[in-house]
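What follows is a set of notes on a single structure, which appears directly below.
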Protein chains: 2
Amino acid sequence: MIKETKENIKQKEKDEFRDQILDSALNLFAAKGYSNTSIEDIKRKSNISTSRIYGQFKNKQTIAKALYVDLARRMDDSLCEIARTNTTVRERMRAVVDLMFDLTEQAPDVMRFLLLSRHQEFLLDGELQGCTPPFDKVKDIIMKGIKTGEIRRIDSLLVDGCFQGIIIRTIELRLDGTLEKPLDRYFNDVWSLVWSAVEAI
Amino acid sequence: MIKETKENIKQKEKDEFRDQILDSALNLFAAKGYSNTSIEDIKRKSNISTSRIYGQFKNKQTIAKALYVDLARRMDDSLCEIARTNTTVRERMRAVVDLMFDLTEQAPDVMRFLLLSRHQEFLLDGELQGCTPPFDKVKDIIMKGIKTGEIRRIDSLLVDGCFQGIIIRTIELRLDGTLEKPLDRYFNDVWSLVWSAVEAI
DNA sequence: GTCTATACGCCGATAGAC
DNA sequence: GTCTATCGGCGTATAGAC
């Protein structure tokens, strides 16, 4: 029993370290990119020694992969939740935009890392450890909309690309400071652009 | 006279080397990114020795900058030409999409480098040697359209972002192989999405 | 003037000191 | 078990050989 508690505490500490490392790595990857971030950078920012870092992760690539899988899963969960709690395709898409804009303001680094970084740099091997790409769910929503007639009958890849293009580009403009106000201030206009593009008739 | 000819030939050779270096660099930057491309890579691909490369360019950053300025200028020229030879905003925007799609098929590496690479990596210093960002002209076209009433009265930054977002994302999908057919086959659908989004009433 | 060999610094990863 | 000192490798840039 005592031993178990002891190990639990140890495990908790380990998890804390892990989180600190991932937090710092996320921050650095988002700012400078994967290749331009060194273990030394991560060490300095997280105040965790090199050996501890290598104790937690096999190598630098593993850190980026873990981050990606973790964040992509959370994104996917949120999108599933949206698909579940809304009925019309229009409502679902609105909720997606709302979520993305909100996330951009709340956790800009997450969006920088998920949307704007070259995943190819650390995901060379195709397999994503059973992790679905973060926006597959959006495509599903759109395909359903085409079937039900809520969305225009155009190749779903194109409609999906259009939707993601508008949203991602807008977020990019916000993240680089071109858009000066929080994204919710632009929501109505952006949503109007999106919906005009894709709604049926 | 003879000397002049001699020097001309020499100059031509130099220019040829320069072009070969830039060609190879473009190819590599587009495929692997700036940071992951080494001088050794450029040397191998161009069959030009290290010393010759450093004879032409001060350092690696200079190569990327030269490429960027060169390509951005050409893009800007094309966009000016489009603004000149078309009258309505609709026609101009159509021509822009057409140009971008065509360029993607003809010179995919150029588009990869101009649209999808982290310019921040080699353009840290703000000054671009008197080179306008490649798509400023598009924003001008759109602003004019808003004034004349051809385009919806929405913050021009958002409309511009919407337009660029759709186009760039579509190009990205083509470049990564998701879209299997040449882009001209998708032109009508994409243009329809774009124009539905931005046209006034 | 052209190329090859090398200096120098940085990074990822480890192994040995405490 | 932790940390720090270091190793090997690579990448940029240069300096010296031809």
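Convention: sequence-line order gives letters A, B, ...; per-chain numbering from 1.
- Between the CD atom of B:Glu40 and the P atom of D:dG9 there is a distance of 16 Å, given to the nearest Å.
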Criterion side chain to side chain donor-acceptor pair (under 3.5 Å) on B:Ser46 and B:Gln20, from CA distance to verdict:
CA-CA 6 Å; B:Ser46 64; B:Gln20 269 178 268; over 6 Å; no
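- Salt-bridge check for A:Glu172 with A:Arg169: passed, with a basic side-chain N closer than 4.0 Å to an acidic carboxylate O.
- No side-chain donor from either of A:Asn27 and A:Ser24 sits under 3.5 Å from a side-chain acceptor of the other.
- Here the nucleotide nearest the side chain of A:Ser49, chosen from C:dG12, C:dT4, D:dC3, is D:dC3.
- Contacts of residues 25-35 of chain A with DNA chain C (heavy atom under 4.0 Å): none.
- The pair A:Asp41-A:Arg44 meets the salt-bridge criterion, with a side-chain N (NZ, NE, NH1 or NH2) lying under 4.0 Å from an Asp/Glu carboxylate O.
- The pair B:Arg174-B:Glu105 meets the salt-bridge criterion, with a side-chain N (NZ, NE, NH1 or NH2) lying under 4.0 Å from an Asp/Glu carboxylate O.
- Atom P of nucleotide C:dG1 and atom CD1 of B:Ile48 are separated by 17 Å, given to the nearest angstrom.
- Spacing between atom NZ of B:Lys43 and atom P of D:dC10 amounts to 14 Å, rounded to whole angstrom units.
- Atom CD1 of A:Ile53 and atom C1' of D:dG1 are 16 Å apart (whole Å).
- Note: CD1 (B:Ile21) to C1' (D:dT12) measures 15 Å, nearest angstrom.
- Distance CD (B:Gln56) to P (C:dC3): 13 Å, rounded to an integer number of Å.
- In this structure, B:Ile63 places its CD1 atom 13 Å from C1' of D:dG11, rounding to the nearest Å.
- A salt bridge links A:Arg112 to A:Asp109: at least one charged side-chain nitrogen sits closer than 4.0 Å to a carboxylate oxygen.
- In this structure, the side chains of A:Asp77 and A:Glu81 stay at 4.5 Å or more apart for every pair of heavy atoms.
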What does the list of N/O pairs under 3.5 Å between the protein and nucleotides 13-17 of chain D look like, with a distance for each?
| residue | atom | partner | partner atom | Å |
| --- | --- | --- | --- | --- |
| D:dA13 | OP2 | B:Tyr54 | OH | 2.9 |
| D:dA13 | OP2 | B:Lys60 | N | 3.2 |

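- For A:Thr85, there are no side-chain hydrogen bond (donor to acceptor under 3.5 Å, both in side chains) partners at least two apart in sequence or on another chain.
- Using a 4.5 Å cut-off on side-chain heavy atoms (C-beta onward), A:Arg18 and A:Phe57 make contact.
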